[in-house]
Amino acid sequence: MTTEKETLNYGPVLFHYDLFPEKLERHGKVQKVITKRGTFALKEAEMNEEERNWFTHVIQRLSEIGFHQVVPLYPTKFGDYTVQIGSKTYYLMPWFASDDRNEKSKDEVLLDHLGKIHALTIKEQDFSNEVVEHSYQYLMNRWENRQYEMERFTEEAEQKAYMSPFELTYLSHFHQIMRMTEEAKRRLKEWYETCQREKRYRSVLCHGKVSRNHLIFNPTGEGHLLNFEKAVLDTPIRDLAVYFRRAAHQREWSIEEGKLLLDLYEKHVPLLNEERGLFISYLSYPEPVFNAVDLYCNKRNQFSQIEMVHRLESRIRGMKKIRDFCDAIMIAPPPASMENEPKKIHINDEEDHI
Amino acid sequence: MGLINLLENEYDLYGVEWKQEPHLIMTDFGEKRLRYWTDEERLKWHMKWRDESAKGSGAVPDRMIRTRDGEIAVFDGKHWISLHDSADTPFGCEEVERWGQFIGHLLLASIKASHENHECKVTESVFDFDSCLAQSEKYMEGNFKCINTSIYEARQRLKFAEALKRKVRKPVLPILEKDISISNGKRIFHFLFYQGGDSWPEKGYLPIRKFLFEWLSHTSPLSLRMLLTEVNKVFPLNGEHGLLLLAEITVPWELRDCLILLDNENLEKMIEGMQKYEATWEEHRIFLKTVTQWFDENRRKVAL
């Protein structure tokens, strides 16, 4: 039930759209706004001016370059695509009710859409040693620092007379985790060396926050992407790594399914060897396991030992699946390119692209 | 095609009716106001200050509602006609913070705009002390104390204002709407909705001076100081802009208004005019004192 206070809180935002809510329902960071003019989704976000401009630019440009499977933004009556009130940014979209019938095909649609966006925006960048060097050093330093933190945690645990079940579980897998770390670092170094040798790298428009939750189906069953707030120009591997890392930790996820989805993506953008190496590097790095350790160190009072151990074991199982997946994709032959491959346009081209 | 039809088509409105011809209409989106512009540059200037001052401010100026093609106005063959929201409930002066934010953002936007090239005609008021002196000549024989004192004070203030202006090497003055008034502030939900005007823009701080004086007349010296504090949070007044604002407030603009009040047709009217003169002069003296005190306090805080 909508209270008068809620209407007052969102009134100044909805005023920009000349909407008078009959009912408001909170769904996470989205308000379902029911009005006489229809039902809308009002998203609340935190973006600075530059981010707001980039966000609206991305949405508009995707449509201009022929990608229409994006949940559209409604302009305000003043022609803006976002409303800024205090530190919060709001934008309005049509409300699409969730449709369970499409849940199964969600990942396929997601990867297919991602592939299309990447294919439409791919651009071979002019080689800049400085950029590659910086990206490599930044990531390597971050990974080494994390590795050092984990080694310190291990040393501290080893010194205890009575280790906790979590520490015991972690230690029993420690060498395996460190092998994964070293493998990720080795792959990253290989990518760096190939870039130096080949003097090339590609960038695409990355969604930035790929997730099943950011794909919804319209009433006709067509999948639409949303939440481009973190969209960025980067290697296509950025989006792929985010998706596969998360997917691999789902209980029902299988290597076959992963291969199928990657093939689906590669029909749009076949990966170069060094990109495949970078992808494996990103996936191999056991960040999810390290995050479980962080959670144990920082919030151990909020969860029981058994919950912590289960989480850690699940992450380790996920990493094993990822390792097998990486082995499988390393030997897989590249798929044939699509007959009707879309024309490649780049996000930064002034002539005909974002 | 009539105006109503034109508006319905261009703005995707339905069932439009006149509420108060030719300025107010009722639409399926509520009451809207029409503004008529004969000059396109003026229309664009008014669109720009409204759009820019809305950014980051909690207040909402009456921005131009866009047509379905994204235009800021429609042309009916004679004028450009823009569509705006309309509200009746006065906002009042209680929420100093919201007014301060709005004035601050308005000044920020107008300073930013003054750096840009604009083709719009801009007026700039100049205080003419000599014409005031000439007007006061006829009352000098009467040796009225308040006139003599005010002329003396006005001369001193003018010198002080000039000295303040000289401290700023390259003055950048805001370009603002001529009349910024509390009465233009309306309430929609809990926010300040500011109904702007359509006059030619004015260069300088005179519109802000008038607004601050109006604020004092409606509230108290304490409230005026609070308002300046709020403006200062958004638009810092401790630098050159503050000096220029203080200079504008120091210029004895009210002398001209006071002299107009005098009427020597007969003794009764003369006494009445003189009383009004004294009262107006005194109100402005309090105004200047309050603003100066705020600047002094602010300077002390910065020094500490």
Side-chain angles (χ1 to χ4, degrees), chain A residues 2-22 24 31 33 35-38 40 42 44-57 59-61 63-64 72-92, chain B residues 7 10-15 26-33 46-73 82-87 89 91 97-98 101-102 105 108-109 112 186-194 196 234:
Chain A
T2 314
T3 63
E4 195 181 337
K5 194 181 166 198
E6 276 174 324
T7 310
L8 270 176
N9 283 345
Y10 289 96
V13 182
L14 295 172
F15 163 80
H16 287 77
Y17 298 94
D18 265 340
L19 289 177
F20 301 94
E22 288 180 343
L24 290 167
Q31 286 283 343
V33 184
T35 75
K36 280 188 179 136
R37 294 180 182 277
F40 303 91
L42 181 70
E44 184 180 307
E46 292 204 13
M47 291 189 261
N48 61 31
E49 192 177 352
E50 200 182 332
E51 288 166 337
R52 283 196 300 274
N53 292 341
W54 171 247
F55 167 68
T56 49
H57 173 68
I59 300 283
Q60 287 171 328
R61 207 64 187 113
S63 171
E64 285 168 23
L73 303 186
Y74 287 126
T76 67
K77 58 186 166 186
F78 309 121
D80 306 323
Y81 283 90
T82 57
V83 176
Q84 181 71 14
I85 295 194
S87 62
K88 298 269 192 280
T89 300
Y90 300 87
Y91 56 90
L92 192 76
Chain B
L7 295 171
E10 294 292 330
Y11 287 94
D12 273 339
L13 297 171
Y14 178 74
M26 274 310 291
T27 76
D28 51 334
F29 287 102
E31 190 179 302
K32 303 288 172 192
R33 180 176 294 275
H46 275 276
M47 177 270 293
K48 192 150 190 190
W49 80 255
R50 284 167 160 91
D51 283 0
E52 289 298 319
S53 61
K55 288 178 186 169
S57 159
V60 179
D62 59 339
R63 297 171 65 188
M64 279 70 174
I65 295 173
R66 271 40 174 191
T67 67
R68 68 166 152 214
D69 297 327
E71 300 296 332
I72 56 170
S82 57
L83 190 70
H84 306 256
D85 289 300
S86 176
T89 316
F91 191 78
E97 192 182 335
R98 288 185 189 273
Q101 273 182 9
F102 171 64
H105 279 97
L108 275 183
K112 191 178 154 200
K186 309 288 181 187
R187 185 179 295 276
I188 297 181
F189 291 102
H190 54 264
F191 66 82
L192 166 61
F193 171 70
Y194 188 83
V234 180

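Chain A is the first sequence line, chain B the second, and so forth, proteins listed ahead of strands; every chain is numbered from 1.
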Asks: Working to the nearest 0.5 angstrom, can you tell me the gap between B:Ile72 CD1 and A:Phe78 CZ?
Replies: 13.0 Å
Asks: With a 4.5 angstrom heavy-atom cut-off, which part of B:Phe191 approaches chain A: side chain, backbone, both or neither?
Replies: side chain
Asks: Are any non-hydrogen side-chain atoms of B:Asp85 and A:Asp18 less than 4.5 angstrom apart?
Replies: yes
Asks: Any salt bridge linking B:Asp28 with A:Lys36? Criterion: basic side-chain nitrogen under 4.0 Å from a carboxylate oxygen.
Replies: no
Asks: Without swapping roles, check the side chain of B:Arg66 against the backbone of A:Lys77 for a donor-acceptor pair under 3.5 Å.
Replies: no
Asks: Considering only heavy atoms, which portion of B:Ile188 lies under 4.5 Å from any heavy atom of chain A: side chain, backbone, both, or neither?
Replies: side chain
Asks: Which residues pass the ring pair (Phe, Tyr, Trp, His ring centres under 6.0 Å) test with A:Tyr81, sequence neighbours left out?
Replies: none
Asks: With sequence neighbours left out, write down each residue that passes ring pair (Phe, Tyr, Trp, His ring centres under 6.0 Å) with A:Tyr17, or none if nothing qualifies.
Replies: none
Asks: Let me see the working for B:Arg63 and A:Asp80 under side chain to side chain contact (heavy atoms under 4.5 Å, CB included), right down to the final yes or no.
Replies: CA-CA 11 Å; B:Arg63 297 171 65 188; A:Asp80 306 323; 2.9 Å; yes
